[in-house]
Amino acid sequence: RFSDPGYIAGLLEVYRRKYVGNSPDLIIPTYTPALEFLLDHGRDLFPGVPVVFCDADSRFVNARAIPRNVTGITSSPDIAGTAGLALRLHPDAQGIAVIVGSHALDRLFERRARRDLQPFEDRVALTWLRGMPFEELLAAVQRLPRDTPILYVLELEDRAGESLFPFYTTSRLEGVANAPIYGLWDTLIGHGIMGGRLITIEDDGFQAAQMGVRILRGENPATIPIVFRKTNPAIDSGRHRPP
């Protein structure tokens, strides 16, 4: 999450000292920033060490040259699919409230959300709750009408630079919201969201682990193709999925 050059330089120094003469047999970076870090610095830090990434953004992976020692599983947030699901479940909805933060990664998700939600603008009003400090966000959500479901995109940081944590945020919001909350990741099920077309982090993690075991048993990572997730299943708070 931290892109400050001084922080990156310090992290590189820690890794160089920690793993000198003790290189790992396998590295599993989770999410896009960790994979980006390894693609930028892995050849210097861990030359030749196999990498199995988990849930890196598919667009990022497609845009980068992936070395032969790297494979893994991509993910793609289905913002439009989740909004469409919410409107099918709430046919009388007059709007959707969209929660996004101020962190660099939040802003990336916001840009994607604004593009993906454009087709809905002639059907419902979109209310953007952007970078709000937590107490302000609670109050804003509490004021929303009952016919406005909430789409939690991502808020890692508010506009004042304070860190926020999705599990805590969505859990607290559920207690004051007048309408259901939808999200993008299955790990938020049980922490405030009703459901959505969700990235299946648990399933992806299990599959990444299986790929890692194959490599540790001697298989060449270059022979294990990257898994590109094409669709996200609709999952509700009972963890029900379509057949």
Side-chain angles (χ1 to χ4, degrees), residues 1-16 18-19 23-82 100-116 153-157 166 184-187 197-216 218-232:
R1 295 184 184 181
F2 307 104
S3 57
D4 176 78
Y7 174 82
I8 296 297
L11 189 61
L12 288 170
E13 183 60 23
V14 167
Y15 284 152
R16 288 191 184 100
K18 183 174 182 178
Y19 292 103
S23 183
D25 297 311
L26 176 72
I27 302 172
I28 302 182
T30 57
Y31 308 130
T32 309
L35 175 60
E36 183 176 20
F37 178 84
L38 275 177
L39 292 179
D40 290 343
H41 306 289
R43 185 174 297 179
D44 173 50
L45 289 174
F46 309 109
V49 175
V51 172
V52 177
F53 61 82
C54 183
D55 282 331
D57 188 89
S58 58
R59 295 183 183 186
F60 172 82
V61 173
N62 275 321
R64 291 292 297 258
I66 305 299
R68 291 178 57 81
N69 65 313
V70 177
T71 187
I73 301 171
T74 71
S75 66
S76 183
D78 192 351
I79 297 170
T82 296
V100 293
S102 297
H103 186 274
L105 191 57
D106 299 335
R107 295 195 299 271
L108 177 65
F109 272 79
E110 180 185 352
R111 289 194 293 272
R112 176 175 288 187
R114 287 187 180 275
R115 183 200 63 222
D116 291 354
V153 176
L154 187 64
E155 188 176 24
L156 299 176
E157 187 177 278
L184 304 177
W185 291 274
D186 67 348
T187 47
R197 290 201 170 274
L198 305 180
I199 295 171
T200 53
I201 292 179
E202 183 175 351
D203 291 351
D204 293 348
F206 184 78
Q207 188 167 349
Q210 290 179 312
M211 297 166 81
V213 168
R214 290 167 61 184
I215 292 169
L216 292 174
E219 198 164 338
N220 189 330
T223 66
I224 303 175
I226 294 172
V227 176
F228 285 91
R229 293 291 194 193
K230 302 298 184 184
T231 59
N232 296 338

Distance (rounded to the nearest 0.5 Å) between Ile8 CD1 and Phe37 CZ: 6.0 Å
Nearest non-hydrogen partners of Leu38 and Pro29, listed with the distance: CD1-CG, 3.6 Å
Could you tell me the separation between the CD atom of Gln210 and the CD1 atom of Ile215, rounded to the nearest 0.5 Å? 12.5 Å
Mind checking whether Pro166 and Leu154 have side chains closer than 4.5 Å, heavy atoms only? yes
Can you name the closest pair of heavy atoms from Pro77 and Leu184 and give their distance? CB-CD1, 4.0 Å
Identify each donor-acceptor pair in which a side-chain atom of residues 9-16 lies under 3.5 Å from a protein atom, sequence neighbours left out, and give them as a table.
| unit_1 | atom_1 | unit_2 | atom_2 | d |
| --- | --- | --- | --- | --- |
| Glu13 | OE2 | Arg17 | NE | 2.8 |
| Arg16 | NE | Asp44 | OD2 | 3.4 |
| Arg16 | NH2 | Asp44 | OD2 | 3.0 |

How many angstroms lie between CE in Met211 and CD1 in Ile28, if you round to the nearest 0.5 Å? 10.0 Å
With a sphere of 6.0 Å drawn around CZ of Phe228, does it hold more than 12 non-hydrogen atoms of other residues, nucleotides or ligands? yes
Any donor-acceptor N/O pair, Asp116 side chain to Ala80 backbone, under 3.5 Å: no
Step by step, would you call Glu202 with Phe206 a side chain to side chain contact (heavy atoms under 4.5 Å, CB included)? CA-CA 6 Å; Glu202 183 175 351; Phe206 184 78; 6.0 Å; no
Looking at every non-hydrogen atom in both residues, tell me the closest pair between Trp185 and Leu198 and how far apart they are. N-CD2, 3.8 Å
Review item, side-chain donor-acceptor pairs of residues 105-113, under 3.5 Å, at least two apart:
| unit_1 | atom_1 | unit_2 | atom_2 | d |
| --- | --- | --- | --- | --- |
| Asp106 | OD1 | Leu156 | N | 3.0 |
| Asp106 | OD2 | Ser102 | N | 3.2 |
| Asp106 | OD2 | His103 | N | 2.9 |
| Asp106 | OD2 | Leu156 | N | 2.9 |
| Asp106 | OD2 | Glu157 | N | 3.2 |
| Arg107 | NH1 | Ser102 | O | 2.5 |
| Glu110 | OE1 | Arg130 | NE | 3.3 |
| Glu110 | OE1 | Arg130 | NH2 | 3.3 |
| Glu110 | OE2 | Arg114 | NE | 2.8 |
| Glu110 | OE2 | Arg114 | NH2 | 3.1 |
| Glu110 | OE2 | Arg130 | NE | 2.7 |
| Arg112 | NH1 | Asp57 | OD1 | 3.0 |
| Arg112 | NH2 | Asp57 | OD1 | 3.2 |
| Arg112 | NH2 | Asp57 | OD2 | 3.2 |

Sidechain-backbone polar pair: Thr71 side chain, Ile224 backbone, donor-acceptor under 3.5 Å: yes
Mind running side chain to side chain contact (heavy atoms under 4.5 Å, CB included) on Leu45 and Tyr19 for me, showing each step along the way? CA-CA 8 Å; Leu45 289 174; Tyr19 292 103; over 6 Å; no
Mind listing the closest non-hydrogen atom pair of Pro67 and Leu39 along with its distance? CD-CD2, 3.7 Å
When you measure from the side chain of Asn232 to the backbone of Ser76, do you find a donor-acceptor pair of N or O atoms at a distance under 3.5 Å? yes
With rounding to the nearest 0.5 angstrom, report the CD to OG1 distance, Gln207 to Thr200. 9.0 Å
With heavy-atom distances below 4.5 Å as the criterion, would you say the side chains of Leu35 and Arg64 are in contact? no
List the atom of Val51, the atom of Leu26, and the distance in Å for their closest heavy-atom pair. N-CD1, 4.5 Å
Take atom CZ of Arg115 as the centre, draw a 6.0 Å sphere, and report whether it contains more than 12 heavy atoms from other residues, nucleotides or ligands. yes
Should Phe60 and Thr74 be marked as a side chain to side chain contact (heavy atoms under 4.5 Å, CB included) after you check the CA-CA gap, both sets of side-chain angles, and the distance that decides it? CA-CA 9 Å; Phe60 172 82; Thr74 71; over 6 Å; no
Please report the closest heavy-atom contact between Asp55 and Ile199, naming both atoms and the distance. OD1-CG2, 3.9 Å
